[in-house]
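Worksheet for the structure shown next.
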Amino acid sequence: MSHGVEIDGERLFVKTAATDRTVASLRRALAVHQVVAHPGLIPVVNSFTTDDGLALVYPWAEGEVLYHPTRTRHGGRTHPDSPMARFRRLPLGEVLQALAVILDVHLVVADAGLVAVDFYDGCALYDFETSTMRLCDLDDYRPGPFVLEADRLPGSTRYMAPEEFQRGAVIDQRTTVFNLGRALRLLLDAGDAEQDWRGTAGQLSVIATATAPAPADRYPSVRALAQAWSAA
């Protein structure tokens with residue numbers, strides 16, 4: 001459960017967990033923030049145990065998540081008033097600047113030895129007033145490479161790599177590259193059907209390599225993807 005809290009004029013965002021599964025998720029989130037710090041990632045500023053489990057405290061950040069799976073009012077992502085639709089109508093330069101923040105945060109993630117798990121547009125908090133992109137809810141990121149010991153990883157199928165559905169598969173930076181490639185493809189399109197590409201042919205070529213079905217055919221690292229994107 002999440003709460004907005006105000007104490008002596010200071011606004012905070014508090015996430016609490018009270019089951020073994022959710023406490024484990026928040027412990028992973030705390031581990032992520034212990035090794036990853038970036039202006040584009042909302043930080044954990046405190047944590048404490050509760051009678052029921054664990055709580056993490058974040059500074060309050062203005063903005064709207066581009067997709068909220070538990071609040072799909074007004075038709076979800078495709079409704080003209082949704083945060084995603086409004087983001088897709090922004091001037092191209094503002095969208096590219098937001099995508100650069102996503103890539104830059106993941107450079108720090110990769111340098112810390114972590115791989116992305118359950119990254120999707122619900123992790124992107126965009127402030128339309130200040131044109132600021134921040135990431136949140138990277139709770140399932142974990143050290144990698146690792147071998148998948150379940151039938152699938154958590155996440156949105158729109159963003160997930162094929163190996164995330166294969167028990168025994170290796171999950172590494174190339175998986176993160178795929179996730180980021182899908183983010184670039186979906187956020188730089190004017191619609192959900194991927195029929196209205198706003199970028200260049202060169203950028204689309206970078207995405208094709210990033211999202212190749214076989215990990216060996218992708219960019220070998222997040223840094224290699226970021227460099228190719230910058231060049232495009």
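What's counted below: heavy atoms across the whole structure, side chains too, no hydrogens, waters or symmetry copies. Source: prediction; values computed, not measured.
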> Hey, any chance Tyr58 and Val23 share a hydrophobic cluster, counting ILVMFWY side chains that come within less than 4.5 Å of each other, even indirectly?
Replying inline: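 Same cluster.
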>> Would a single hydrophobic cluster contain both Tyr159 and Val95, if residues Ile, Leu, Val, Met, Phe, Trp and Tyr are joined by side-chain heavy-atom contacts under 4.5 Å?
In response: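 Linked within one cluster.
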Is the backbone N or O of [Y] less than 3.5 Å from a side-chain atom of [X], with the two atoms forming a donor-acceptor pair by type?
{"X": "Glu10", "Y": "Ile7", "value": "no"}
{"X": "Arg182", "Y": "Arg158", "value": "yes"}
{"X": "Arg167", "Y": "Glu149", "value": "yes"}
{"X": "His38", "Y": "Gly40", "value": "yes"}
{"X": "Thr16", "Y": "Met1", "value": "yes"}
{"X": "Glu94", "Y": "Pro91", "value": "no"}
{"X": "Arg88", "Y": "Leu186", "value": "yes"}

State, with a plain yes or no, whether a side-chain heavy atom of [X] is found less than 4.5 Å away from one of [Y].
{"X": "Gln173", "Y": "Leu225", "answer": "no"}
{"X": "Arg185", "Y": "Leu204", "answer": "yes"}
{"X": "Cys123", "Y": "Leu138", "answer": "yes"}
{"X": "Val35", "Y": "Val108", "answer": "no"}
{"X": "Asp104", "Y": "Met133", "answer": "no"}
{"X": "Asp121", "Y": "Met84", "answer": "yes"}
{"X": "Asp139", "Y": "Lys15", "answer": "yes"}
{"X": "Leu188", "Y": "Leu96", "answer": "yes"}

Considering residues, nucleotides and ligands other than [X], do more than 12 of their heavy atoms fall under 6.0 Å from its [atom1]?
{"X": "Arg89", "atom1": "CZ", "value": "yes"}
{"X": "Gln97", "atom1": "CD", "value": "no"}
{"X": "Asn46", "atom1": "CG", "value": "yes"}
{"X": "Glu6", "atom1": "CD", "value": "yes"}

> Mind checking whether His106 and Phe119 have parallel, tilted or perpendicular rings, split at 30° and 60°?
Replying inline: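 Aromatic pair His106/Phe119 classed perpendicular.
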> Under 4.0 Å between a Lys/Arg side-chain N and an Asp/Glu carboxylate O for Asp196 and Arg198?
Replying inline: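 The answer is no: the pair does not qualify as a salt bridge.
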>> I need the minimum non-hydrogen distance between Thr200 and Ala232, along with the two atoms involved.
In response: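 For Thr200 and Ala232, the tightest heavy-atom pair comes out as OG1-O, 4.0 Å.
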> Closest approach of Leu54 and Phe48, non-hydrogen atoms and distance?
Replying inline: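 The answer is CD1-O, 3.5 Å.
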>> Looking at Tyr126, I'd like to know if the NZ or CZ of Arg86 sits under 6.0 Å from its six-membered ring centre while staying within 45 degrees of the ring's axis.
In response: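 No, Arg86 and Tyr126 do not form such a contact.
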>> Applying salt bridge (charged side-chain N to carboxylate O under 4.0 Å, His left out), can you list everything that pairs with Glu163, at least two apart in sequence or on another chain?
In response: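 Expected list: Arg218.
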>> For residues 219-232, which residue pairs pass the side chain to side chain donor-acceptor pair (under 3.5 Å) check, not counting sequence neighbours?
In response: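 Found Asp111-Arg223.
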